[in-house]
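Remarks on the structure that follows.
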Amino acid sequence: MIANKNLLLMPGDGIGPEVMAQARRVLNWLQESGRASFTIDEELVGGAAIDVHGVPLTDAALAKAKSADALLFGSVGGPKWDKVPFEIRPEAGLLKLRAELQVFANLRPAKVFHALADASSLKPELVSGLDLMIVRECIGGIYFGQPRGIETLPNGEQRGINTEVYTTHEIQRVGRVAFELARKRQGRVCSVEKANVMEAGLLWRQVMTKLHAEEFPDVALSHMYADNCAMQLAKNPKQFDVIVTSNLFGDILSDLAAMLTGSLGLLPSATLGAKDENGRVPSLYEPIHGSAPDIAGTGKANPLAQVLSLAMMLRYSFDMSEEANAIEAAVERVLAKAGRTPDIAVPGRAVISTAEMGDALLAELPR
Ligand code: NAD
């Protein structure tokens, strides 16, 4: 069993607390079965924090997030807070957390459970058994580069400007995350850019090639242009193991990969920072879906993305692959035989609630 770890849970708004309640049951299973020992704390974030404290993330909550060994996040936002000032909207709490924790590598797995292969927009044989990971650089590149803005030219015309910019260091640190992940998977990294038309892409390719030769010769590295990668993801997604790419291309390609799996309610994510001097990696785990205000409070939310985010936390923050595998295998069995929440319902199978999905999952976890 691993040494005691400090976890911070931030359920947030809408369906966040509903799906987090099911993840907590899985945490209880880990503790009660003697597999792990956690000290668990909980904090408000997003609209829930605005209602109580007037801000989406208090300094106290941020301090706890910084000192926790890992952070499990739900989701934030909703129409109730549409009119709050832009700087303190619920989503600002999440953006501040990411910036303060300096988490720069967003990991989005696209894994297709056998029982859901027919929910994909692609033919089942193309996606059945798919298990790829997109590593997206998420605090640099064109979304943050300077100069940026909209300016008026002397002739009265306007010009919009954004700048794609990456330094050696920014490419290396996200590259290391991808190579290290590949070592725990099938040992293959595909680095994606547009080195044919962008200097920032050319530097990306050069830095990745050097990093590979110097630190990760045991991993197979290939390069692909982003446009071809989009085509290959739609044509033959199973060719990939780990894809590493910039903020902009990762944003687009990870949404494309997500759709291959067919359901928003099943997609977890992790965002990781750099190892500190004590070997601790700042990390935030969250489902990719939002707070789903349209179904909040109705018991219709699928809790599996939140539970799978917890499994990612066990694997990447605590090296607990056995337990992560056990949870993922339980999800696979639940999807194959239990009832389903409305988002993935199929004719002939019972439609069940968030809590009933939690019951079914717990019943499948090893004692
Ligand atoms: P959403 O992901 O909340 O919902 C999109 C659709 O998917 C909705 O129909 C919803 O009912 C459904 N859905 C989402 N998660 C589900 C689940 N677990 N089970 C079943 N169905 C599910 O996206 P949206 O509607 O665009 O945004 C709603 C709010 O969430 C907004 O305020 C937005 O800003 C916020 N948001 C937050 C995050 C985050 O916290 N990381 C991410 C995306 C959106």
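Both ligands and their constituent atoms are indexed starting at 1 by order of listing.
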Starting from [atom], what is the nearest protein heavy atom, named by residue and atom, and what distance separates them?
atom: atom 34 (O) of ligand 1; answer: E91 OE2, 2.5 Å
atom: atom 3 (O) of ligand 1; answer: A292 N, 2.8 Å
atom: atom 8 (C) of ligand 1; answer: D294 OD2, 3.4 Å
atom: atom 14 (C) of ligand 1; answer: H289 CB, 3.7 Å
atom: atom 25 (O) of ligand 1; answer: P293 CD, 4.6 Å

Per-atom contacts, ligand 1 versus [X] - under 4.0 Å to a heavy atom:
X: A301; result: 19 (N)
X: L264; result: 2 (O), 5 (C), 7 (O), 14 (C)
X: S75; result: 40 (O)
X: G290; result: 1 (P), 2 (O), 3 (O), 30 (O), 36 (N), 37 (C), 38 (C), 42 (C), 43 (C), 44 (C)
X: G78; result: 32 (O)
X: E286; result: 41 (N)
X: I15; result: 15 (N), 16 (C), 17 (C), 18 (N)
X: G77; result: 32 (O)

Closer than 4.0 Å: a protein non-hydrogen atom to atom 11 (O) of ligand 1:
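Looking at atom 11 (O) of ligand 1, one finds that a protein heavy atom does lie closer than 4.0 Å.
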Protein non-hydrogen atom found under 4.0 Å from atom 18 (N) of ligand 1:
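Under 4.0 Å from atom 18 (N) of ligand 1, at least one protein heavy atom found.
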Would V19 count as a contact of ligand 1 if the rule is a heavy atom under 4.0 Å away?
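No; V19 lies far enough from ligand 1 that no heavy-atom distance drops under 4.0 Å.
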S291 near ligand 1 by a heavy-atom separation under 4.0 Å:
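Contact present.
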Using heavy-atom distances, let me know which of I295, L304, V76, N302 sits nearest atom 21 (N) of ligand 1.
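Answer by nearest heavy atom: I295.
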Do R315 and E328 meet the salt-bridge criterion of a basic N to acidic O distance under 4.0 Å?
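Salt bridge flag = yes for R315 with E328.
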Taking only Lys NZ, Arg NE, NH1 and NH2, and the carboxylate oxygens of Asp or Glu, determine whether K238 and D131 approach each other closer than 4.0 Å.
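Between D131 and K238 there is no salt bridge, as every charged N stays at least 4.0 Å from the carboxylate O atoms.
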Report yes or no: do [X] and [Y] form a side-chain donor-acceptor pair below 3.5 Å?
X: E170; Y: T167; answer: yes
X: S246; Y: W204; answer: no
X: Q186; Y: R188; answer: yes

Under the side chain to side chain contact (heavy atoms under 4.5 Å, CB included) rule, what do M10 and L57 come out as? Steps first, then yes or no, please.
CA-CA 10 Å; M10 292 185 141; L57 179 72; 3.8 Å; yes
Answer with yes or no whether the hydrophobic clustering places V244 together with V281; edges join I, L, V, M, F, W, Y residues whose side-chain heavy atoms lie under 4.5 Å apart.
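Same cluster: V244 reaches V281 through Ile, Leu, Val, Met, Phe, Trp or Tyr contacts under 4.5 Å.
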Answer yes or no: is there a side-chain heavy-atom contact under 4.5 Å between R159 and T152?
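No; the side chains remain at least 4.5 Å from each other.
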Lys NZ or Arg CZ of R136 over F249 ring: under 6.0 Å, within 45°
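Judged by the rule (NZ or CZ under 6.0 Å from the ring centre, within 45° of its axis), R136 is not positioned above F249.
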Please list, chain by chain and in numerical order, all residues satisfying side chain to side chain donor-acceptor pair (under 3.5 Å) with E322, sequence neighbours excluded.
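Checked E322 against side chain to side chain donor-acceptor pair (under 3.5 Å); zero matches.
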Is the number of heavy atoms from other residues, nucleotides or ligands within 6.0 Å of NZ (K300) greater than 12?
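No - once you tally the heavy atoms of other residues, nucleotides and ligands closer than 6.0 Å, there are 12 at most.
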